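Chain naming here is simple, since letters A, B, ... match the order of the sequence lines and numbering starts at 1 in each. From a predicted model like this one, the values you see are computed outputs, not experimental measurements.
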Protein chains: 2
Amino acid sequence: MENITSGVSEIIVIRLTTYLRCLYIAKRKRKNIIKSVEIAKLCGIKSSVVRKDFTQFGAFGIKGKGYEIENLIKKVREILGLNTMKNVALIGVGNLGTALLKYQGFFDANFKFVGAFDLNYQKIGKRVNGIKIYDIKNLKKFIDKNSVEIIILSVPSAAVRSIFKNIDLKKVKGILNFTSAILPCEGKKIYIRNIDLSRELELISFCMKKCLKKEA
Amino acid sequence: MENITSGVSEIIVIRLTTYLRCLYIAKRKRKNIIKSVEIAKLCGIKSSVVRKDFTQFGAFGIKGKGYEIENLIKKVREILGLNTMKNVALIGVGNLGTALLKYQGFFDANFKFVGAFDLNYQKIGKRVNGIKIYDIKNLKKFIDKNSVEIIILSVPSAAVRSIFKNIDLKKVKGILNFTSAILPCEGKKIYIRNIDLSRELELISFCMKKCLKKEA
DNA sequence: AGTTGTGAATCTGTTCACAGCC
DNA sequence: GGCTGTGAACAGATTCACAACT
């Protein structure tokens, strides 16, 4: 389990997260075994891709039968690192930020909000879904004290630059960036995942016109 | 301009949307010309990729100088289809839905909300950011009458199945899906873009551990 | 009989290096 | 001189076909 994950490309991990959705669906239907063909159909890809992806991490299947769902879920969650708790801080408690604080999925993925931050004095001190909102001035100290590993950025893009002065980038390992800003983390060992609505809209605008080769 | 876009892979279009962000930034700095190396650095990729991507749609650059920013923005917006208005309906006016209705980016991309839908009677009839909330029962008729091309789904995943009975899939060309559900549009000529928070979290969980080969 | 796991072949995307042009 | 545009080489991902196994 040491370097089993090294050399795995992001594209495979993205698919793993999709497979996990399928497995949850299958489990809810009280199935015990699922075939690579079934997973593939649900995801809209070829079954050989599904099989090859899993073999990157070991041989989880039973030849002639398929994959034991409960076991496969366990394995995939292990691979994705979903069994260890991760401390998260949210920055920017607007509409989107509020929606995120209330989102159940964070709990399922073992993400724990330890605090939210904003610069609006009306909001500071209040709680959303039990999570306290702090003054953004205290962010740096907070990250240090509470071993925050992940930051979620849901502020206006224009605010990003000044916020980054307050982040101790040594402790933070991942950023989920909902702004359109390109984050100044070059060269740092931080994994950034950009979720840019504007870009998604532009993409859908183009792709509506033409049916493209691939699906994400 | 007819079949110039056919045969272009999604990955290139995704990068185009990133380039557009860079071009806006450069424009704000009152620059007139930008080099492929500069765009590449901002996006964290090789300059040859940038150049090759643009040549898929024509030769926009000036040899020995670079790309004229204003012109390139115009071209890229044209390619992405951002100059034509698209009618959008939002389904599910929760926290996320509300955030989306207020989001400025839709305006920039020429997306026009013509209506929002919910099943909560407390919400029906009210307005968010000027957009009226209708009873979800009237969705099908509404799509027909108002030539809705794009649907944005921000409902609980469990609600997806029943909603899909109310969508006239012949008219709809694109769906922006914020649920974890795998949408039942197989075989239809609809472009679906999934923005699944749960999956993003799982991905960040894995990638934090290991620095992967690629960035999205 | 039926499905996984996998090497080999194919396809797609990236990098390199430089000719062509301003 | 300097940057774009591009063919050729390379790397990576997907598909195919089937051997291995239950």
Please tabulate the protein-to-nucleotide N/O contacts below 3.5 Å involving nucleotides 5-11 of chain C, giving atom names and distances.
{"from": "dG5(C)", "atom 1": "OP1", "to": "F60(A)", "atom 2": "N", "distance (Å)": "3.3"}
{"from": "dG5(C)", "atom 1": "OP1", "to": "G61(A)", "atom 2": "N", "distance (Å)": "2.9"}
{"from": "dG5(C)", "atom 1": "OP2", "to": "Y67(A)", "atom 2": "OH", "distance (Å)": "2.7"}
{"from": "dG5(C)", "atom 1": "N7", "to": "R51(A)", "atom 2": "NE", "distance (Å)": "2.7"}
{"from": "dG5(C)", "atom 1": "O6", "to": "R51(A)", "atom 2": "NH2", "distance (Å)": "3.1"}
{"from": "dG7(C)", "atom 1": "O6", "to": "K52(A)", "atom 2": "NZ", "distance (Å)": "2.9"}
{"from": "dA8(C)", "atom 1": "N6", "to": "K52(A)", "atom 2": "NZ", "distance (Å)": "3.4"}

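For the residue pair S47(A)/R51(A), the side-chain donor-acceptor check at 3.5 Å is satisfied. Between the side chains of N177(B) and N194(B), at least one donor N or O lies within less than 3.5 Å of an accepting N or O. Judged by distance alone, the side chains of S180(B) and D196(B) do bring a donor and an acceptor atom under 3.5 Å apart.
Toward the 5' end of DNA chain D, the nearer of the two residues V37(B) and I45(A), judged by each one's closest nucleotide, is V37(B). Heavy-atom distances to DNA chain C give each of G66(A) and I12(B) a nearest nucleotide, and the one nearer the 5′ end belongs to G66(A).
Nearest heavy atoms, G174(A) versus I204(B): C-CD1, 4.2 Å. In this structure, I152(B) and F178(B) approach most closely via the heavy-atom pair CG2-CE1, 3.8 Å.
Ring pair F113(A)/F106(A) is tilted by interplanar angle, where 30° to 60° counts as tilted.
In this structure, CZ of F57(B) is placed 17 Å from C1' of dT4(D), rounded to the nearest angstrom. Counting to the nearest Å, the P atom of dT14(C) and the CD atom of Q56(B) are 11 Å from each other. Rounding to whole angstrom units, NZ of residue K75(B) and C1' of dG5(D) are separated by 16 Å. Across the protein-nucleic acid pair, I11(A) atom CD1 and dG12(D) atom C1' stand 10 Å apart, rounded to whole Å. Between the CD1 atom of I14(A) and the C1' atom of dG12(D) there is a distance of 15 Å, given to the nearest Å. Residue I33(B) contributes atom CD1, which lies 14 Å from atom P of dC22(C) at whole-angstrom precision. Atom-to-atom, NZ of K46(B) to P of dG12(D) comes out at 11 Å; the value is rounded to the nearest Å. For the pair E68(A) CD and dT22(D) P, the computed distance is 16 Å after rounding to whole Å.
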(request) Go through I45(A) and R15(A) one step at a time and tell me if the side-chain contact (heavy atoms from CB on, under 4.5 Å) criterion holds. (result) CA-CA 10 Å; I45(A) 58 175; R15(A) 282 198 298 257; 4.0 Å; yes

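Note on K35(A): every side-chain N or O is 4.0 Å or more away from OP1 and OP2 of dG2(C). For K65(B) and dG2(D), the shortest distance from a side-chain N or O to OP1 or OP2 is not below 4.0 Å.
Within residues 15-30 of chain A, the residues approaching DNA chain D are R15(A), by heavy-atom distance under 4.0 Å.
Residue S36(A) is classed as a sugar-phosphate contact, given heavy-atom separations below 4.0 Å to backbone atoms only.
Under the 6.0 Å cut-off for aromatic ring centres, Y191(A) and F206(B) do not qualify, their centroids lying 6.0 Å or more apart.
In summary, K86(B) and E149(B) do not engage in a salt bridge, as defined by a charged side-chain N under 4.0 Å from a carboxylate O.
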